[in-house]
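Reading through the structure tokens given below for one structure.
This one's a predicted model, so the numbers in the text were calculated from it and none came from an experiment. Protein chains get the first letters and strands the later ones, always in sequence-line order, with residue 1 at the start of each.
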There are 2 protein chains.
Amino acid sequence: MQDLSQTEENYLKAIFKISEGTPTPASTNAISAEVSTSAASVTDMVIRLSKKELVDYKKRKGVRLTSKGLQIATHLIRKHRLWEVFLVEKLSFSWDEVHDIAEQLEHIKSPDLVERLDTYLGHPRFDPHGDPIPDADGKFAFRKQVLLAELTRGEQGIVVGVQDHSTAFLQYLDQLQLILGAQIELLERFVYDESVKIMLNNSREMILSKKVCQNLFIQKQPSLK
Amino acid sequence: MQDLSQTEENYLKAIFKISEGTPTPASTNAISAEVSTSAASVTDMVIRLSKKELVDYKKRKGVRLTSKGLQIATHLIRKHRLWEVFLVEKLSFSWDEVHDIAEQLEHIKSPDLVERLDTYLGHPRFDPHGDPIPDADGKFAFRKQVLLAELTRGEQGIVVGVQDHSTAFLQYLDQLQLILGAQIELLERFVYDESVKIMLNNSREMILSKKVCQNLFIQKQPSLK
DNA sequence: ATTTATTTTTAGATTAGCCTAAATTTGTTA
DNA sequence: TAACAAATTTAGGCTAATCTAAAAATAAAT
């Protein structure tokens with residue numbers, strides 16, 4: 001497995017991100033947006049990647065990762081998320097500060113480093129944003145989670161992740177004390193603006209906007225009543 | 001302070017390394033050897049660096065770091081050595097495995113990361129090879145040390161560093177249990193091949209070659225007799 | 001002091017990764 | 001289905017970092 005440039009690695013990650021979930025190939029335009037380069041450059045790079053058999057590419061049909069490309073992309077995500085855990089747990093960064101640094105650290109090449117880091121961190125299965133960390137074989141842990149928007153009145157759960165990873169959202173959640181692991185009960189749903197009233201950690205009521213509800217992942221708990 | 005490419009950073013480090021100690025500027029050839037690129041490429045790069053005011057360059061007179069260049073080089077060394085400490089202390093790598101990884105890690109750009117790492121590691125002043133870690137202001141700790149070759153019969157000291165950083169040497173020292181902190185007394189010096197007999201940790205005698213003596217740094221201790 | 005060897009620079013090319021502008025293909029809508 | 005819009009590719013060019021080969025300058029040696 002030849003050594004890839006950081007740029008190539010970033011394209012693979014972008015393609016992974018775009019086609020995650022869907023079976024449709026990633027379009028040139030989508031990649032262009034994801035990596036912030038012109039569509040022309042993307043076409044260029046995609047041809048190079050397909051020569052290296054990292055993606056399947058057919059003119060004007062979009063690209064799909066090959067198993068080789070998928071493996072590399074998954075490994076990058078593993079490294080990225082493990083480094084995020086390190087930054088938060090060991091160096092006490094907050095969850096909104098770590099993305100850009102991990103974006104650099106994920107490109108470090110060393111056969112041993114990742115595995116040692118993983119061991120050092122105690123084999124964490126989720127990163128500081130609640131995203132699953134693939135294991136050394138590329139398998140993602142699965143967790144049954146729903147958006148807060150999907151909870152019905154009276155249901156309870158704990159905050160396990162975010163859909164929107166923006167700094168603004170993460171910092172806002174911090175202020176609301178809606179951190180990972182927080183306990184939530186949905187008290188009321190307002191039809192008017194689709195906001196909700198929740199009970200946080202059995203101690204405090206608060207109102208959350210529709211937007212927050214659509215970006216917060218909850219793991220349901222059996223209601224105790 | 002503009003962001004430099006990894007390549008540019010590597011040149012600055014090479015120039016620093018070459019001119020460390022001496023007041024003579026670094027020659028094109030020396031840099032060429034240090035960064036493993038052709039002399040022609042070095043001339044090219046050196047001109048670019050001088051345009052950025054990171055080095056002083058006069059045709060055929062060699063280069064010298066400007067204060068700006070020196071500051072960057074020193075900071076790189078700080079990062080490199082702190083990461084080495086991390087790799088050895090936290091991830092249990094051995095001292096001969098960490099150089100290449102640290103070589104990559106030193107290029108990570110983040111205003112906070114280094115300082116947090118430094119704090120996390122407890123502000124170490126020396127790296128796993130005994131090399132001093134410059135502080136945030138670029139000051140190197142000084143330690144009065146001599147080569148084992150300079151010790152005279154009966155003198156005692158502890159191993160504090162190495163001159164030769166090669167994997168082969170480091171692994172050899174490991175086998176001999178000549179690790180950092182080991183206590184040494186020079187028992188005898190053999191004129192024939194300039195080898196020596198030492199007492200290691202007050203418990204074991206051994207013979208060391210001239211070559212070992214010339215590459216091992218010792219901090220002298222007052223002899224207790 | 002000439003010749004020879006070494007070091008350094010110049011000249012000309014190459015590759016990766018990017019760009020803009022123009023051409024082409026595909027999709028949508030009247 | 002013809003016309004327009006959107007997406008994609010092609011063409012031509014740029015910069016950073018490298019190379020080799022040749023020229024020029026400096027240093028060493030006869």
Between [X] and [Y]: side-chain donor-acceptor atoms closer than 3.5 Å:
X: Asn29(B); Y: Ser27(B); answer: no
X: His80(A); Y: Asp127(A); answer: no
X: Asp193(B); Y: Ser195(B); answer: yes

inquiry  = I want to check one thing: is the phosphate of dT8(D), taken as OP1 and OP2, less than 4.0 Å away from some side-chain N or O of Tyr57(A)?
reply    =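 Answer no for this pair, as no side-chain N or O of Tyr57(A) is under 4.0 Å from OP1 or OP2.
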inquiry  = Please confirm whether the shortest side-chain N or O distance from Thr28(A) to OP1 or OP2 of dT9(D) is below 4.0 Å.
reply    = yes
message = Regarding Glu9(A) and Lys109(A), does a basic nitrogen lie under 4.0 Å from an acidic carboxylate oxygen?
response =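 Counted as a salt bridge, because a side-chain N and a carboxylate O are separated by less than 4.0 Å.
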How close or far is atom [atom2] of [N] from atom [atom1] of [X], stated in whole angstroms?
X: Gln6(A); N: dA16(D); atom1: CD; atom2: C1'; result: 15 Å
X: Ile31(B); N: dT18(D); atom1: CD1; atom2: P; result: 13 Å
X: Ile18(B); N: dT7(C); atom1: CD1; atom2: P; result: 14 Å
X: Leu4(A); N: dA16(C); atom1: CG; atom2: P; result: 13 Å
X: Glu34(A); N: dA7(D); atom1: CD; atom2: P; result: 17 Å
X: Leu49(B); N: dA17(D); atom1: CG; atom2: C1'; result: 12 Å

inquiry  = Return a single string for nucleotides 18-27 of chain C, one symbol per nucleotide in 5' to 3' order, where B is base contact, S is sugar-phosphate-only contact and - is none, cutoff 4.0 angstrom on heavy atoms.
reply    = BBB---BS--
remark   = Contacts of Glu8(A) and Lys58(B) projected onto DNA chain C by closest heavy atom; the upstream (5') one is Lys58(B)
query = Can you name the residues that form a salt bridge (Lys or Arg N to Asp or Glu O under 4.0 Å) with Lys220(B), not counting sequence neighbours?
reply = Glu155(B)
ask   = Side chain of Asn29(B): nearest nucleotide among dT8(C), dT10(D), dG17(C)?
value = dT8(C)
ask   = Counting only heavy atoms not in Gln219(B), do more than 12 fall under 6.0 Å of its CD?
value = yes
